[in-house]
Structures are given as structure tokens and as C-alpha cells.
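Heads up, the thing below is written out as C-alpha cells.
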Amino acid sequence: MTSLTLKRLSLFALPLAAVAGLNSAAQAQEWTPERSIEFVAPANPGGGWDTLVRTMSRVIQQEELADESFAAINVPGGGGAVAWAQVARDEGNPHKLFATSPPMILVPLAGASRYDHTDFTPVARINTDYSIILVAADSEYQDLEDLLNALKEDPSLSVGGGSAPGSMDHISIAGLASAAGMEASSVNYIPFSGGGDAMTNLMGGHIEAVVGGAGEAVGQLGEGSQLRALGVSSEERLGAGLSEVPTYQEQGFDYTFDIWRGVMGAPDMPEEAVAYYEDLFAEMLETDAWREASDQLGWIDAYQDSEEFGDFLDQQQEQFSDVLSELGLLRQ
């Protein structure tokens, strides 16, 4: 065989190898679920995680975005810790996902879970919500300044929330207090088993105010409501029935609080599965069904892919460590 022939063969072989590599990459990207996906809400039905899981599952099915179904599963307990322990045992499983939000960072920092976000696979951030502070419609507090001044003058006055000490609602009101020149730890935060329980105690006059998710409060406000909103933690005013509620910043308090929500997977989930879910969720966010649901729930799209979401979670861990340390709740 001549050297010219060998040269031609080698030049021909190189593209073939490249094509083979491309085919392998394409096959990896073409991974699809082989069975129903277990989509875990790490709490009882009715809360933010459960609403996210069921809304996403419904939209994906309604829009026929996936061949396999997303089965909503509730695994309550420990502010999420029970579900996380269960998922952590399913290493490498591409058919198990769970909804996540700030407690994924806060609960481990407070020492209430042996697992933190680094033990799982970030898949995508989906959307965000914000905190809202509510009082009874006949409350003497007309704005945030009234409420915060009262809390300064009488530390026994309390603000309730539907999550544990050191978790999302507590961090939100503590951060606002700090921005108002108070000691974050001076807020008398009362944890309840859920937002509904907190509201009952507010209407019963047992607490001064309730802090919770703005999206969850939309349906409770409006004409004839027994509640009044004093402020929201967003940078700009929100829509979906909350346009009349001023932000904290409008009222002179330089503080925002983002209640992000996203999806994570089992430890060491295969990259091709992560890529599949990234694309699926990005497509879901573009549908009319998702837009309608988000408008009703007061959600704001805030998509991040796996890598961006992972970096964001690391930043959240650093930020929340500072607040928990100020509250004396950081695990040593």
C-alpha cells in the first residue's frame, strides 16, 4: 500500500472517529425515563413543596411533555429531613426527584439534618416567591414601621410563621428586623405547624402578625378579607392580586427575601438524566398551562440550569450561615 493511500485512509478514519463520538454524545443526550418518576414533596399536602410538585406534574401531563408520568409523593417530617434521608439512599437513581427551597439550606445548617444540598444533584431552579407580612384587617398596625416599632418597644409581642425556628419564615422576619436596626434574635418568632395554624392564632389575637409566602396569601386577601398585608419582600411590587401591597424597600427597609423553589435529584444522578430534566422543565416554563398556574399562584419564573442552580445553592448556604449565626442557631 502506498504512502498516499495510507494518508487517504488516515484522513478518512479521523472523521469517522469524530462521527462515532458525536453519535455517542447524541445517544447520551437522548436518555428518557424508563418508568414513572417519583416526584417527592418533603412535606404534607398543601404547602409550597406539595403545590410545586403537583402543579409541575399536572402541567407536564396536560401538555404531553413526557411519555412517563410524574407521580407526586408526600414524605413529611423533620422540615424535609425525613425525605432527604430517603432520597440519599437511592444513589444514582434517575427516576427520583424532589422539590426544594430555602429549608434545604437552613435545616442542615441548624443541625436538624445530616444531609445538605451538596449530597444531592441540583437539577433546576424553577421559580421564586417572596415573603409577605400579614395582620388582621382591624389591626392597629398600618404599615411595617408601626409593627416594627411595636416589636422594639415590647419584645414579648410575637410574629408567627408556618416553619420551625431557624427556617424560612423565621429567617425572613429576622432579616427584616436586622435591616430595621434591631437585633435579629430579638424577634419573638412563634413557629406553628403550618400557615393555616398561624393564621388561626393571628385571628384569635394570640400573635401580632404572620410571615409567610406571598403566593400562598393571594387567595386570602382582597375585598372583604379578614387580613391586611403590610409589605412584601420583593424588589418590585407583585401582580396577581398583590399590586397594592408595598415592598419593604418602598417603606424604607433595604431588605429583600427570595423564596426560591427548584428540583433536585438523587446523589450522583447520571449527567444525561440531568440534561433531560433541564430541557423538560425549561420547555414546561414556556407553556400556557404553566403561565396560567403561575399567575394564579403568584409565582415568578426564575429558571437556572443544574450548574447555575448548584452555584446559587452554595451562595445561599454562605448567606444563611451569617443570619443563623446572628440568631445563635448555627450548628457548631
Side-chain angles (χ1 to χ4, degrees), residues 39-54 56 72-88 97-132 159-175 184 189-198 210-216 233 257-266 299 302 304 309-310 312-327 329-331:
F39 201 179
V40 176
N44 285 311
W49 284 332
D50 180 71
T51 303
L52 180 69
V53 164
R54 294 183 186 279
M56 290 180 67
I73 301 172
N74 293 92
V75 183
V82 173
W84 302 333
Q86 182 187 104
V87 176
L97 303 171
F98 65 94
T100 188
S101 63
M104 178 77 260
I105 307 296
L106 293 164
V107 172
L109 285 174
S113 172
R114 61 175 291 193
Y115 300 101
D116 67 16
H117 73 281
T118 63
D119 293 304
F120 303 99
T121 303
V123 175
R125 188 173 79 168
I126 302 299
N127 58 24
T128 193
D129 192 2
Y130 296 95
S131 286
I132 192 167
V159 176
S163 59
S167 196
M168 194 160 53
D169 294 336
H170 189 190
I171 293 297
S172 176
I173 187 65
Y189 173 78
I190 305 297
F192 293 97
S193 60
D197 194 13
V210 164
V211 57
E216 296 171 32
S233 66
F257 188 81
D258 182 349
I259 306 177
W260 50 268
R261 295 189 179 94
V263 179
M264 300 190 79
W299 289 347
Q304 289 179 326
F309 189 31
F312 172 79
L313 293 172
D314 292 340
Q315 294 166 8
Q316 288 279 285
Q317 186 179 57
E318 183 177 349
Q319 176 186 341
F320 289 158
S321 293
D322 294 339
V323 180
L324 286 174
S325 179
E326 190 174 345
L327 289 171
L329 295 173
L330 183 67
R331 178 184 60 186

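Here the structure is a predicted model, which means the values were calculated and not measured.
- Distance CG/D314 to CD1/I105: 8.0 Å, rounded to 0.5 Å.
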### Task
Go through the steps to decide whether T51 and W299 satisfy the test side chain to side chain contact (heavy atoms under 4.5 Å, CB included), and finish with yes or no.
CA-CA 11 Å; T51 303; W299 289 347; 3.7 Å; yes
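- Within the 4.5 Å cutoff, the side chain of F98 has no heavy atoms near those of the Q86 side chain.
- Judged by distance alone, with hydrogens and angles left aside, the side-chain atoms of D129 form no donor-acceptor pair with the main-chain N or O of I259 at under 3.5 Å.
- Between L106 atom CG and Q317 atom CD the span is 10.5 Å, to the nearest 0.5 Å.
- Using a 4.5 Å cut-off on side-chain heavy atoms (C-beta onward), V263 and F309 make no contact.
- With contacts defined as side-chain heavy-atom distances shorter than 4.5 Å, the pair Y130/I132 does not qualify.
- Judged purely by atom type and a 3.5 angstrom limit, S233 uses its side chain to pair as donor or acceptor with the backbone of S131.
- Here CD1 of I171 is found 10.5 Å from CG of D322. Values are rounded to the nearest 0.5 Å.
- Here the straight-line distance linking atom CZ of R261 with atom CD1 of I126 works out to 11.5 Å at 0.5 Å rounding.
- For the pair L329/H170, a side-chain contact is recorded, criterion being any heavy-atom separation below 4.5 Å from C-beta on.
- Nearest heavy atoms, P103 versus P108: O-CD, 3.6 Å.
- A81 and S113 get closest at one heavy-atom pair: CB-CB, 3.8 Å.
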#### Entry: Test log, rule side chain to side chain contact (heavy atoms under 4.5 Å, CB included), inputs N127 and L52
CA-CA 9 Å; N127 58 24; L52 180 69; 4.0 Å; yes
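- The minimum heavy-atom distance linking P42 with A83 is given by the pair CB-CB, 3.5 Å.
- Separating the CE atom in M104 from the CZ atom in F320 is a distance of 12.5 Å, to the nearest 0.5 Å.
- A donor-acceptor pair under 3.5 Å is formed between the side chain of T121 and the backbone N or O of A266.
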### Task
Would you sort out whether V107 and W84 count as a side chain to side chain contact (heavy atoms under 4.5 Å, CB included), showing the intermediate values?
CA-CA 11 Å; V107 172; W84 302 333; 3.8 Å; yes
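- Here the shortest heavy-atom pairing between W49 and T100 reads NE1-C, 3.4 Å.
- Closest approach of G78 to V82, counting heavy atoms only: N-CG2, 4.2 Å.
- Side-chain atoms of S172 do not come within 3.5 Å of backbone N or O of M168 as any donor-acceptor pair.
- Checking N44, V40, V53, D50 one by one against N74, the side-chain contact (heavy atoms from CB on, under 4.5 Å) holds for a single residue, D50.
- For Q304 and W260, the side-chain atoms include no donor-acceptor pair closer than 3.5 Å.
- For the atom pair CZ of R331 and CG of L109, the computed distance is 7.0 Å after rounding to the nearest 0.5 Å.
- In plain terms, the two heavy atoms of M264 and L313 that are nearest each other are CE-CD1, 3.9 Å.
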